[in-house]
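First comes the structure, then the notes that go with it.
In what follows, residues are counted from 1 in the order of the sequence shown.
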Amino acid sequence: LPAMAGGYMDFTFLLTERAPGARDPRATDIMRDNALATLSMICVMDGLRCDAGEFQRLMAGIVAGDPSPLRKTEALRWSRRAGARIDEELLEKALASPAAGDLDLRAEIARDLISVPTQRSLSAQRRLISTSGLPADPTGDTARIACAVIERLAQARYAEASPDLIWALSDPSREVRACAASALVTLSERDFGFDAQTEGPANLEAIARWRAWWKDREDATR
């Protein structure tokens with residue numbers, strides 16, 4: 001029988017036995033999905049009932065190395081539910097993976113990164129401020145995620161994001177263009193008349209002036 005731990009039955013032995021099935025690249029997606037769901041519910045459903053370190057290592061391994069955006073997303077959710085510390089490096093790895101275009105995964109990562117006010121978190125958030133190159137999203141949720149991150153960077157006065165914000169002035173999303181322009185005005189205390197409602201050459205001068213402003217700022221800090 002499993003031992004008692006913190007008032008709960010300790011099911012670490014099941015975690016140890018079944019974790020390889022959740023990580024096995026030779027297993028089918030259904031098998032891996034089921035293994036992850038089963039272990040997560042056994043370990044966390046009514047409070048942490050498995051060894052915390054072993055459970056978090058399994059979740060981190062899935063976030064970092066599993067090819068499935070669904071499993072990455074679920075691992076992040078269960079990891080948070082188990083009380084894990086936000087690991088910026090781990091989230092950076094997920095954002096650098098081919099799964100990073102998945103809407104649910106981006107939302108989960110943004111939620112975690114926005115919740116911690118570290119420089120590493122702010123730096124990682126720069127990967128989330130554009131919709132360029134992402135799958136079409138008729139719901140607009142991708143743009144809303146980008147804008148939430150952009151607003152956070154502006155609130156934090158994170159000027160290092162300025163090159164990414166300038167790039168976002170050419171984003172396919174009108175909403176993201178507007179958010180990026182507003183953030184740049186906040187960070188620089190300048191306004192070069194960028195019109196987010198307009199696409200194409202009309203904004204080239206404004207974008208050029210933002211680039212010149214950033215170059216001058218970099219030159220001044222060298």
Side-chain angles (χ1 to χ4, degrees), residues 1-3 5 8-116 118 120-139 141-142 145-146 149 164:
L1 291 175
Y8 296 107
M9 300 291 282
D10 186 348
F11 287 98
T12 302
F13 74 101
L14 283 177
L15 176 62
T16 303
E17 288 176 6
R18 300 188 182 184
R23 293 190 297 252
D24 187 354
R26 299 165 298 178
T28 66
D29 281 338
I30 292 176
M31 291 173 65
R32 295 175 77 173
D33 290 344
N34 288 342
L36 173 59
T38 300
L39 288 173
S40 298
M41 287 188 286
I42 287 172
C43 289
V44 187
M45 185 60 73
D46 298 316
L48 190 58
R49 301 187 298 180
C50 297
D51 178 78
E54 192 166 338
F55 181 75
Q56 295 298 356
R57 280 190 290 276
L58 171 62
M59 297 298 109
I62 290 172
V63 173
D66 196 292
S68 165
L70 172 63
R71 286 191 293 273
K72 287 180 185 290
T73 302
E74 286 301 306
L76 282 174
R77 288 173 178 160
W78 283 107
S79 185
R80 184 191 303 115
R81 187 165 178 173
R85 182 192 70 80
I86 302 301
D87 185 338
E88 298 96 321
E89 182 179 2
L90 179 63
L91 297 177
E92 287 174 342
K93 288 179 180 178
L95 285 172
S97 74
D102 180 79
L103 176 60
D104 288 339
L105 180 59
R106 293 177 76 82
E108 208 64 32
I109 292 173
R111 176 178 175 178
D112 278 351
L113 289 175
I114 289 173
S115 70
V116 287
T118 65
R120 184 72 178 266
S121 172
L122 292 169
S123 178
Q125 288 175 53
R126 296 166 64 173
R127 293 177 176 267
L128 291 163
I129 67 175
S130 175
T131 67
S132 294
L134 297 178
D137 174 24
T139 68
D141 286 344
T142 306
I145 292 168
V149 170
D164 304 273

With Ala27, which residues qualify under side chain to side chain contact (heavy atoms under 4.5 Å, CB included), at least two apart? Asp24, Met31, Arg32
Interatomic distance, Ile109 atom CD1 to Ile114 atom CD1 [nearest 0.5 angstrom]: 11.5 Å
Shortest non-hydrogen contact from Leu36 to Ser40? O-OG, 2.8 Å
Of all the heavy-atom pairs spanning Ile145 and Ala110, show the shortest one and how long it is. CG2-CB, 3.8 Å
Can you tell me how far CG of Asn34 sits from CZ of Arg18, rounded to the nearest 0.5 angstrom? 11.0 Å
Sidechain-backbone polar pair: Asp137 side chain, Thr142 backbone, donor-acceptor under 3.5 Å: yes
Met59 and Arg80: side-chain contact (heavy atoms from CB on, under 4.5 Å), yes or no, with the steps? CA-CA 10 Å; Met59 297 298 109; Arg80 184 191 303 115; over 6 Å; no
In terms of side-chain geometry, is the basic nitrogen of Lys72 or Glu108 positioned less than 4.0 Å from the acidic oxygen of its partner? no
Treating Arg23 as the side-chain partner and Ile62 as the backbone partner, does any N or O pair qualify as donor plus acceptor under 3.5 Å? no
Please lay out, stage by stage, how Glu92 and Arg120 fare under the test side-chain contact (heavy atoms from CB on, under 4.5 Å). CA-CA 9 Å; Glu92 287 174 342; Arg120 184 72 178 266; 2.8 Å; yes
Please say whether more than 12 non-hydrogen atoms of neighbouring residues, nucleotides or ligands are located less than 6.0 Å from CZ in Arg111. no
Take Leu134 and Arg106, measure what side-chain contact (heavy atoms from CB on, under 4.5 Å) needs, and give me the verdict at the end. CA-CA 11 Å; Leu134 297 178; Arg106 293 177 76 82; 3.6 Å; yes
Distance-minimising heavy-atom pair for Cys50 and Leu15: CB-CD2, 3.9 Å
With rounding to the nearest 0.5 Å, note down the distance linking SG in Cys43 to CZ in Arg81. 12.0 Å
Check Glu74 with Arg71, please: is the shortest side-chain N to carboxylate O separation under 4.0 Å? no
Which atoms form the tightest heavy-atom contact between Leu105 and Leu76, and what is the distance? CD1-CD1, 3.9 Å
So which atom in Thr16 and which in Pro20 form the shortest heavy-atom distance, rounded to 0.1 Å? O-CD, 3.5 Å
What's the spacing between Leu122 CG and Glu88 CD if we round to 0.5 Å? 9.5 Å
Grab the two heavy atoms, one from Phe55 and one from Trp78, that are nearest each other, plus how far apart they are. CE2-O, 4.0 Å
So CG of Asp164 and CD of Gln125: to nearest 0.5 Å the spacing works out to 11.5 Å
Within the distance-only criterion (no hydrogens, no angle test), does the side chain of Ser121 pair as donor or acceptor with the backbone N or O of Leu113 below 3.5 angstrom? yes
Donor-acceptor check, side chain of Arg49 to backbone of Ile42, threshold 3.5 angstrom: yes or no? yes
Go through it in stages, so that I can follow the logic: the residues are Val116 and Asp112, the test is side-chain contact (heavy atoms from CB on, under 4.5 Å), and I'd like the CA-CA distance, side-chain angles, deciding distance and then a yes or no. CA-CA 7 Å; Val116 287; Asp112 278 351; over 6 Å; no
Under 3.5 Å, is there a donor-acceptor pair linking the side chains of Glu54 and Thr12? no
